[in-house]
Each structure stands twice: as C-alpha cells, then as structure tokens.
**Q** 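Input: one structure, supplied below.
Given the structure is predicted, the values throughout are model-derived calculations rather than measurements.
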Amino acid sequence: MGVSGCGKSTIGALLAERLAVPFADADAFHPAANIAKMSAGIPLDDADRRPWLASIGEWLAEHRDAGAVMACSALKRTYRDQIRTPAPGTVFLHLDGPFEVALTRVQSRPGHFMPASLLRSQYADLQPLESDEAGTTADFARPADALVGEFTA
C-alpha cells in the first residue's frame, strides 16, 4: 500500500516472485470511469472506490489458501477495512517515504493514467497503518531487494 510512485507494483511483483504466489496490480481492477476521472486530474471519491475495493478484496479472498500479493494504494483505514471484509487475513506492507521522491518517480512514468497533480491529494488522504492492523511500514526510498528481503524475513 502507499501513494503513487512509492513502488507498489515493483515491490509487489518482486515479493510475489520470492513467495511464488500470484501478483495483481489494483490499477487493473479500476472501472473505465475511474481511470477517466483520474486521467482528467480529478481525485476519486469513496463512492468511486467502493466497487473497486470490493473486487480487490474478492480477488485476495479467492487466493487466501495459496496466498497472493496485490499492489494497491489502500490509503485510508476504511479502504483497508473494506479489503479485509472478504479477505480478513490480509497483511499490508505500507511503502512510505518523501513526497519529493514519489513526485520524481510519478513524473518520470510515461503513459500512466495517474497524473502527478493528484499526488498531493494522496498524501493528504494517507492514513498510516494503525497498531491493530496486520502489517509493517518500510521506507520506499530503500533498494527494492532490501525491502522485499526485510518483509520476507
């Protein structure tokens, strides 16, 4: 979990490979209307996210026995709770770090629907993991292999 540009897809794919489980990127679960809205520089609201989060939770629940990794922003506690409703064993890895690093990464990504102009709104919405949530927080500025190794240790 984390803001755009934190490395969710990169870390998630590496983690899934290391664990030998399926990987999915939550961006692929967005309906066309959500992508159009974000492409226009308009942040999604909770109503936009509700069906998207439900489909993410359902995918994770389908992979509960063998395990899976999903790259998903899951910025707010309520969003993580929605994911955990069908997939209660979900563990979150919050990739956290400086705005400037995420901004540089987002600006250098060609062809992604998430414009850099929405990054500040993501940081404003971000609610770190709470003590009762299964998961850990790691600095996304660290090397990807080190982060994956730390999480799988």
**Q** Quick check: do Met1 and Leu126 have side-chain heavy atoms less than 4.5 Å from each other?
**A**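 A side-chain contact under 4.5 Å exists here.
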**Q** Between Tyr79 and Arg49 (side chain of the first, backbone of the second, donor and acceptor by atom type, cut-off under 3.5 Å), is there such a pair?
**A**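 Flag not set: sc Tyr79 to bb Arg49 has no pair under 3.5 Å.
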**Q** Tell me the closest heavy-atom pair linking Phe92 and Ala74, and the distance in Å.
**A**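 Result for this residue pair: CE2-CB, 4.0 Å.
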**Q** Give, for atom OG1 of Thr136 and atom CG of Leu147, the distance between the pair rounded to the nearest 0.5 Å.
**A**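 It comes to 10.0 Å.
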**Q** Looking at Asp48 and Asp45, would you say the former's side chain and the latter's main chain have a donor-acceptor pair under 3.5 Å?
**A**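 Judged by distance alone, yes, a pair lies under 3.5 Å.
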**Q** Can any side-chain N or O of His30 pair as donor or acceptor with the backbone N or O of Ala26 at less than 3.5 Å?
**A**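 No, His30 side chain to Ala26 backbone: no donor-acceptor pair under 3.5 Å.
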**Q** Would you say the side chain of Cys6 lies within less than 4.5 Å of the side chain of His94, judging by non-hydrogen atoms?
**A**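 A side-chain contact under 4.5 Å is absent here.
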**Q** Quick one: CZ on Phe99 to CG on Leu119, what's the gap to the nearest 0.5 Å?
**A**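 If I round to the nearest 0.5 Å, the distance is 4.5 Å.
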**Q** Extract all donor-acceptor atom pairs below 3.5 Å that involve side chains of residues 7-21 and protein atoms in other chains or at least two apart in sequence.
**A**
{"unit_1": "Lys8", "atom_1": "NZ", "unit_2": "Gly2", "atom_2": "O", "d": "3.1"}
{"unit_1": "Lys8", "atom_1": "NZ", "unit_2": "Val3", "atom_2": "O", "d": "3.0"}
{"unit_1": "Ser9", "atom_1": "OG", "unit_2": "Asp25", "atom_2": "OD2", "d": "2.3"}

**Q** Would Leu129 and Arg80 count as a side-chain contact (heavy atoms from CB on, under 4.5 Å) here? Give the steps.
**A** CA-CA 9 Å; Leu129 291 173; Arg80 297 187 296 272; 3.7 Å; yes
**Q** What is the distance from atom CG of Asp145 to atom CD of Glu150, rounded to the nearest 0.5 Å?
**A**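 Going from the CG atom of Asp145 to the CD atom of Glu150 covers 12.5 Å.
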**Q** Using salt bridge (charged side-chain N to carboxylate O under 4.0 Å, His left out) as the criterion, list what pairs up with Asp81, not counting sequence neighbours.
**A**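 Residues passing salt bridge (charged side-chain N to carboxylate O under 4.0 Å, His left out) with Asp81: Arg77, Arg84.
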**Q** Any non-hydrogen side-chain atom of Pro86 less than 4.5 Å from a side-chain atom of Trp59?
**A**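 Side-chain contact under 4.5 Å: no.
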**Q** Heavy atoms only: give me the nearest Glu133-Glu130 pair and the separation to one decimal.
**A**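 For Glu133 and Glu130, the tightest heavy-atom pair comes out as OE1-N, 2.7 Å.
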**Q** Between Cys72 and Trp52, does a side-chain contact (heavy atoms from CB on, under 4.5 Å) hold up when you go through it step by step?
**A** CA-CA 10 Å; Cys72 179; Trp52 173 67; 3.8 Å; yes
**Q** If you compare all heavy atoms of Ser55 against all heavy atoms of Phe29, which two are closest, and at what distance to 0.1 Å?
**A**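 That closest heavy-atom pairing would be OG-CD2, 3.6 Å.
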**Q** Between Leu93 and Leu95, does the side-chain contact (heavy atoms from CB on, under 4.5 Å) criterion hold? Intermediate values first, please.
**A** CA-CA 6 Å; Leu93 170 56; Leu95 298 172; 4.1 Å; yes
**Q** Which atom names give the shortest non-hydrogen contact between Tyr123 and Ala102, and what distance separates them?
**A**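 For Tyr123 and Ala102, the tightest heavy-atom pair comes out as OH-CB, 3.7 Å.
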**Q** So which atom in Thr85 and which in Pro88 form the shortest heavy-atom distance, rounded to 0.1 Å?
**A**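 Distance-wise, the nearest heavy atoms are O-CD, 4.1 Å.
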**Q** Determine, stepwise, if the pair Phe23 / Met70 fulfils side-chain contact (heavy atoms from CB on, under 4.5 Å).
**A** CA-CA 6 Å; Phe23 170 74; Met70 168 74 72; over 6 Å; no
**Q** Do Leu75 and Gln127 have side-chain heavy atoms sitting under 4.5 Å apart?
**A**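 Result no, sub-4.5 Å side-chain heavy-atom pair not found.
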**Q** Rounded to the nearest 0.5 Å, what's the gap from CG on Leu60 to CZ on Arg64? Could you check?
**A**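 So the gap between those two atoms works out to 9.5 Å.
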**Q** With sequence neighbours left out, write down each residue that passes salt bridge (charged side-chain N to carboxylate O under 4.0 Å, His left out) with Asp96, or none if nothing qualifies.
**A**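 Salt bridge (charged side-chain N to carboxylate O under 4.0 Å, His left out) list for Asp96, sorted by chain: empty.
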**Q** How long is the span from the OG atom in Ser73 to the CG atom in Asp27, to the nearest 0.5 Å?
**A**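 The OG atom of Ser73 sits 8.0 Å away from the CG atom of Asp27.
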**Q** Might you point out which heavy atoms bring Ala61 and Ala87 nearest each other, and give the distance in Å?
**A**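 Looking at all heavy atoms of both residues, the shortest contact is N-CB, 3.8 Å.
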